[in-house]
> 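Please see the structure below; I have some questions.
From a predicted model like this one, the values you see are computed outputs, not experimental measurements. For reference, positions follow the sequence shown, starting with 1.
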Amino acid sequence: MSSSDDLVTAEELALYAERQRVQEEQKPRKRKNVKRVGTRVERIVARALDAIPRVRARRIPGSGAFESLPHDVVATWGDRDTAFEVKARKTSGWKTLEKWRGGADVLVLWELHHPDRARVYMDWESYLALVASQAQEDV
């Protein structure tokens, strides 16, 4: 076996370079699509909240890109401002949470040593109903 057997041929190198070029061209397109989908879902969330009487919600342009704008949507009712971070996934990234919630309306995630980090997981329609009822009480 000669040392020339270990070398990459010009044809193989050209094929590799072409594959790399194609991959680089595809990356921005994919990223733009992910950003577009995220922006669309943020708008859906903001519109759903804004449709509730006495609630004003808006999507924050450039959210996440600037330290001063860390969240995607802000909703205000009464004297409350609530910041929303919106995540969208093609498939459910929350299968375990759904399994834990089972038939319950709400799942509470409680850290034993950090009760200040407790979280609530519920379906979107129930959350909108909760906000609507709270906004009505704030009159």
> For residues Q134 and W77, report the shortest heavy-atom separation together with the two atoms involved.
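For Q134 versus W77, the nearest heavy atoms are CG-NE1, 3.6 Å.
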> Counting only heavy atoms from other residues, nucleotides and ligands, does the tally under 6.0 Å from CZ of R56 exceed 12?
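Correct, the count exceeds 12.
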> Distance-only check: which donor-acceptor pairs under 3.5 Å involve side-chain atoms of residues 101-115, not counting sequence neighbours?
from, atom 1, to, atom 2, distance (Å)
R101, NH1, D105, O, 3.4
R101, NH2, E98, OE1, 3.2
E111, OE1, R117, NH1, 3.4

> From Y121 OH over to W100 CH2, what is the distance, rounded to the nearest 0.5 angstrom?
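Reported value, rounded in 0.5 Å steps: 11.0 Å.
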> Quick one: do V74 and T82 satisfy side-chain contact (heavy atoms from CB on, under 4.5 Å)? Show the steps, please.
CA-CA 6 Å; V74 173; T82 303; over 6 Å; no
> Walk me through it: do T39 and R59 pass the test side-chain contact (heavy atoms from CB on, under 4.5 Å)?
CA-CA 9 Å; T39 299; R59 180 182 165 273; 3.6 Å; yes
> Quick one: do W124 and V41 end up in the same hydrophobic cluster if we chain Ile, Leu, Val, Met, Phe, Trp and Tyr together by side-chain heavy atoms under 4.5 Å apart?
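Yes.
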> Report the residues that fulfil side-chain hydrogen bond (donor to acceptor under 3.5 Å, both in side chains) with R40, sequence neighbours left out, ordered by chain and then residue number.
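Listed in chain order: nothing, the list is empty.
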> Can you list the residues that meet the salt bridge (charged side-chain N to carboxylate O under 4.0 Å, His left out) rule with R43, with sequence neighbours excluded?
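Result, salt bridge (charged side-chain N to carboxylate O under 4.0 Å, His left out) vs R43: none returned.
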> Above 12 or not: heavy atoms from other molecules or residues under 6.0 Å from CG of D116?
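Yes.
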> Do L49 and I60 land in one hydrophobic cluster if side-chain heavy atoms of ILVMFWY residues count as linked below 4.5 Å?
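No; tracing contacts between hydrophobic side chains, which count when under 4.5 Å, never links both residues.
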> Report the residues that fulfil side-chain hydrogen bond (donor to acceptor under 3.5 Å, both in side chains) with S126, sequence neighbours left out, ordered by chain and then residue number.
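side-chain hydrogen bond (donor to acceptor under 3.5 Å, both in side chains) check on S126 returns D123.
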> Once you round to the nearest 0.5 Å, how far does CD of E125 lie from CG of L128?
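If I round to the nearest 0.5 Å, the distance is 5.5 Å.
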> Rounded to the nearest 0.5 Å, what separation is found between the CD1 atom of I52 and the CD atom of Q136?
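The CD atom of Q136 is 9.5 Å from CD1 of I52, to the nearest 0.5 Å.
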> Can you sort out the partners of E18 under salt bridge (charged side-chain N to carboxylate O under 4.0 Å, His left out), two or more places apart, ordered by chain and number?
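Expected list: R21.
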> Can you list everything that forms a salt bridge (charged side-chain N to carboxylate O under 4.0 Å, His left out) with R58? Sequence neighbours excluded, please.
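R58: no salt bridge (charged side-chain N to carboxylate O under 4.0 Å, His left out) contacts found.
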> Please report the shortest heavy-atom distance between A57 and A46, naming the atom on each side.
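Minimum heavy-atom contact is CB-O, 3.5 Å.
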> With rounding to the nearest 0.5 Å, note down the distance linking OH in Y127 to CE in M122.
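If we round to the nearest 0.5 Å, Y127:OH and M122:CE are 8.5 Å apart.
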> Can you see which heavy atom on A135 is nearest to which on P53, and at what distance?
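Here A135 and P53 meet closest at CB-O, 3.7 Å.
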> Are V120 and V86 connected in a single hydrophobic cluster, I mean Ile/Leu/Val/Met/Phe/Trp/Tyr linked by side-chain heavy atoms less than 4.5 Å apart?
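V86 and V120: one cluster.
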> Between D81 (side chain only) and T76 (backbone N and O only), is there a donor and an acceptor less than 3.5 Å apart?
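Not at all, since once roles are kept as given, no pair shorter than 3.5 Å links the two residues.
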> Would you say D72's side chain and E42's backbone share a donor-acceptor pair under 3.5 angstrom?
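Such a contact is absent between D72 side chain and E42 backbone.
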